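Below, all heavy atoms of this structure are taken into account, side chains as well, without hydrogens, waters or symmetry copies. Just follow the structure's listing: the first ligand is 1, and inside any ligand the first atom is 1. Please read all numbers here as calculations on a predicted model, not as lab measurements.
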Amino acid sequence: MSFDLLVKNANLPDGRNGVDIACSNGQIVAVERAIDAEAGQVLEAGGRLVSPPFVDSHFHMDATLSLGLPRMNRSGTLLEGIALWGELKEILTVEAVIERALKYCDLAVSQGLLAIRSHVDVCDDRLTGVQGLLEVREKVKPYIDLQLVAFPQDGLFRSPNAEKNLLKALDMGVDVVGGIPHFERTMSDGAASVTRLCEIAAERGLMVDMHCDETDDPMSRHIETLAYETQRLGLQGRVAGSHLTSMHSMDNYYVSKLLPLIAEAEVHAIANPLINITLQGRHDTYPKRRGQTRVPEMRSYGINVAFGHDCVMDPWYSMGSGDMLEVASMGLHVAQMTSRDAIRYCFDCVTAHPAKAMGLENYGVEKGCKADFVLLQARDAIEAIRLKATRLAVVKAGRVIARSPERRTELFLAGRPAVINAADYAPNEG
Ligand code: FE2
């Protein structure tokens with residue numbers, strides 16, 4: 001028997017070690033020890049981690065790589081970011097959106113990031129971002145699953161043509177219904193926007209992903225409405241609440257009522273650690289709130305939690321490199337999820353959990369799944385996060401589409417080793 005690709009001696013994120021992975025016709029056909037067969041290409045994993053691709057379930061690809069246009073965000077706040085994006089929208093062209101998005105997708109592939117859900121602003125009457133990203137979605141289809149969310153950035157009711165534009169974007173082929181209830185004029189308008197948007201999704205059979213309670217206001221209650229509408233309209237499993245930062249500041253008794261409601265409605269929760277730690281708490285002096293939603297608590301209720309990148313070099317965030325391991329690292333630090341088990345959970349928050357939130361099919365390193373995976377310069381998921389491990393090879397449909405050289409450093413120190421590799425530093429057995 002001959003396979004297209006055979007990966008030898010791989011460790012998997014779930015703890016299976018030393019397995020071989022055989023791929024044919026873009027599919028994984030076997031995951032077993034010691035597969036003895038011919039293959040068109042053999043990849044020696046050498047006891048290193050092979051993970052399913054990284055998945056970013058919350059991103060803004062229409063704004064990415066626009067840092068500095070037309071100026072920098074001086075206050076560093078969410079609100080100045082939105083105002084700055086408003087200035088940039090006026091001068092945006094479809095060509096510029098496509099060029100920056102494709103450039104970001106190249107970076108994503110190099111990082112083993114092969115599925116992205118991007119919000120796209122629909123409050124610009126020309127729908128520049130929508131036109132650009134629909135074209136990008138087609139262009140990158142062979143290597144990235146790009147899902148688009150119709151996002152009324154300036155408010156469904158607050159921005160005059162938002163609903164008309166949102167419906168038009170969905171007609172044009174945008175996949176998911178978005179929203180921003182905390183940016184509507186009043187709390188009741190925010191709740192009404194959640195209801196309206198969920199009804200649109202239900203009528204059209206679409207998924208929902210809303211920016212929800214992205215504030216430090218402990219009284220923001222839109223995730224409660226989102227869970228309620230999900231239940232009422234039978235949208236269980238198809239709805240995500242993004243950010244949920246208010247939950248950080250909410251009353252503990254109220255949260256003890258809220259979490260079971262989110263779990264019951266099967267609403268996915270998407271935290272954005274890099275962005276939430278920098279944008280939230282900006283009105284505080286000291287103590288300064290961290291502003292990340294309650295990840296370990298949601299985990300304990302069985303809520304599906306994902307971590308998103310949200311922004312890379314745009315009006316809201318000047319950092320970022322498409323590295324979902326950096327996202328996972330920030331998430332675990334902010335949430336103080338430092339047990340071995342909790343760190344492994346944070347790895348799942350940038351792989352399997354966002355894949356579930358996005359409804360990706362045949363995702364995983366299992367027989368019958370798509371032959372999409374990443375070989376990392378790390379033994380396991382914990383080491384991968386600790387080292388932000390080099391992506392030695394990125395495989396899509398059974399074909400290597402990116403390679404990076406192993407990271408190593410030459411030392412010139414008397415009596416010390418000549419070469420070190422950060423991946424050679426392992427925990428002590430005990
Ligand atoms: Fe966002």
Do you know which N/O/S atom name in Asp310 is closest to the Fe ion (ligand 1)? OD1
Under 2.8 Å from the Fe ion (ligand 1), is there any N, O or S atom belonging to His211? yes
Taking both backbone and side chain into account, is any N, O or S atom of Cys311 nearer than 2.8 Å to the Fe ion (ligand 1)? no
If you round to 10 degrees, what value do you get for the angle at the Fe ion (ligand 1) between His58 atom NE2 and His60 atom NE2? 100°
Determine whether the aromatic ring centres of residues His353 and His268 are separated by less than 6.0 angstrom.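 Centroid separation for His268 and His353: 6.0 Å or greater.
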Under 6.0 Å between the ring centres of His60 and Phe151? yes
Backbone N/O of Leu235 and side chain of Thr230: donor-acceptor pair under 3.5 Å: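 Side chain of Thr230 to backbone of Leu235: no pair is present.
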For a ring pair (Phe, Tyr, Trp, His ring centres under 6.0 Å) check, start with the C-alpha distance between Phe59 and His119, then their side-chain angles and the critical distance, and finish with the verdict. CA-CA 6 Å; Phe59 195 62; His119 295 254; 9.9 Å; no
